[in-house]
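What follows is one structure encoded as structure tokens, with my remarks underneath.
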Amino acid sequence: MTRVAGVVPNGPAPGCPYSASARIGRHVAVAGQCGYLPDRSPAQGVTEQTRLALRNLAAALRAVGASADDVIAVQAFLTDTDDFDEFNAVYAEFFAEPYPARTTVCCGLRPGVLVEVSAWAVTGEP
């Protein structure tokens with residue numbers, strides 16, 4: 001099977017050699033999406049960064065023919081555990097029950113980045 005790459009229209013271009021999303025058959029991987037504006041500068045605050053990261057994630061899914069409903073697992077990375085409640089409130093606006101599996105890790109990210117979100121999805125059609 002051939003790998004198909006997706007880009008985030010009107011969004012930040014990857015800063016390294018990777019695709020925003022990739023699909024082989026029914027399987028989709030979305031690279032970590034940050035709360036970056038199109039010029040790759042981070043939005044202000046964890047709420048806005050989370051909202052923008054999840055919008056970028058949704059656009060990366062659409063770019064390869066998938067949607068949030070196809071997501072089976074999410075990996076979330078926060079720089080501060082105190083931001084978890086704000087992150088979780090925005091996250092709940094983007095995914096519906098039954099929710100995807102999720103792992104949330106507190107770690108160091110690029111300067112100014114407060115949140116990063118990646119996902120795995122399986123679509124109904126190849």
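We're numbering straight along the sequence, starting at 1. Because the structure is predicted, anything quoted here is derived from the model rather than measured.
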Subject >> Members besides Leu114 in its Ile/Leu/Val/Met/Phe/Trp/Tyr cluster (side-chain heavy atoms under 4.5 Å) >> reply: Val46

Original post:
Looking only at heavy atoms, what is the nearest atom pair of Ser21 and Ala63, with distance?
Top reply: OG-CB, 4.4 Å

Original post:
For Val71 and Phe95, what are the C-alpha separation, side-chain angles and deciding distance, and is it a side-chain contact (heavy atoms from CB on, under 4.5 Å)?
Top reply: CA-CA 9 Å; Val71 173; Phe95 291 101; 4.0 Å; yes

**OP:** Provide the full list of side chain to side chain donor-acceptor pair (under 3.5 Å) pairs with a residue in residues 72-83, sequence neighbours left out, each pair given once.
**Re:** Gln75-Ser118

Original post:
Which residue pairs satisfy the side chain to side chain donor-acceptor pair (under 3.5 Å) criterion with at least one member in residues 95-106, sequence neighbours excluded?
Top reply: Asn88-Arg102, Arg102-Thr104

**OP:** Give, for atom CZ of Phe87 and atom CG of Leu78, the distance between the pair rounded to the nearest 0.5 Å.
**Re:** 5.5 Å

Subject >> Separation between CZ of Arg51 and CD of Glu86, rounded to the nearest 0.5 Å >> reply: 10.5 Å

Is a side-chain N or O of [X] found less than 3.5 angstrom from the main chain of [Y], in a donor-acceptor match?
X	Y	result
Asn56	Cys34	yes
Gln49	Ala43	yes
Ser19	Ala5	no

Original post:
For Arg3, does the CZ atom have more than 12 heavy-atom neighbours from other residues, nucleotides or ligands under 6.0 Å away?
Top reply: no

**OP:** Might you confirm whether atom CG of Asn10 has over 12 heavy atoms from other residues, nucleotides or ligands at distances under 6.0 Å?
**Re:** no

State plainly whether one hydrophobic cluster holds both [X] and [Y], where clusters connect Ile, Leu, Val, Met, Phe, Trp and Tyr through side-chain heavy atoms under 4.5 angstrom apart.
X	Y	value
Tyr36	Leu109	yes
Leu52	Phe84	no
Val117	Val30	yes

**OP:** State, with a plain yes or no, whether a side-chain heavy atom of Leu61 is found less than 4.5 Å away from one of Val28.
**Re:** yes

Original post:
Just wondering, do Tyr91 and Val74 contact through their side chains at under 4.5 Å, heavy atoms?
Top reply: yes

**OP:** Using only heavy-atom distances, determine whether the side chains of Thr123 and Arg23 contain a donor-acceptor pair under 3.5 Å.
**Re:** yes

Subject >> Stepwise side-chain contact (heavy atoms from CB on, under 4.5 Å) check, Val113 with Phe77 >> reply: CA-CA 10 Å; Val113 176; Phe77 305 91; over 6 Å; no

**OP:** Determine, step by step, whether Arg110 and Glu116 satisfy the salt bridge (charged side-chain N to carboxylate O under 4.0 Å, His left out) criterion, reporting the C-alpha distance in whole Å, the side-chain angles of both residues, the deciding distance to 0.1 Å, and the verdict.
**Re:** CA-CA 10 Å; Arg110 294 182 67 103; Glu116 183 171 340; over 6 Å; no

**OP:** Begin with the C-alpha distance, continue with both residues' side-chain angles, and end with the deciding distance and a verdict on side-chain contact (heavy atoms from CB on, under 4.5 Å) for Leu54 and Val90.
**Re:** CA-CA 9 Å; Leu54 290 170; Val90 176; 4.3 Å; yes

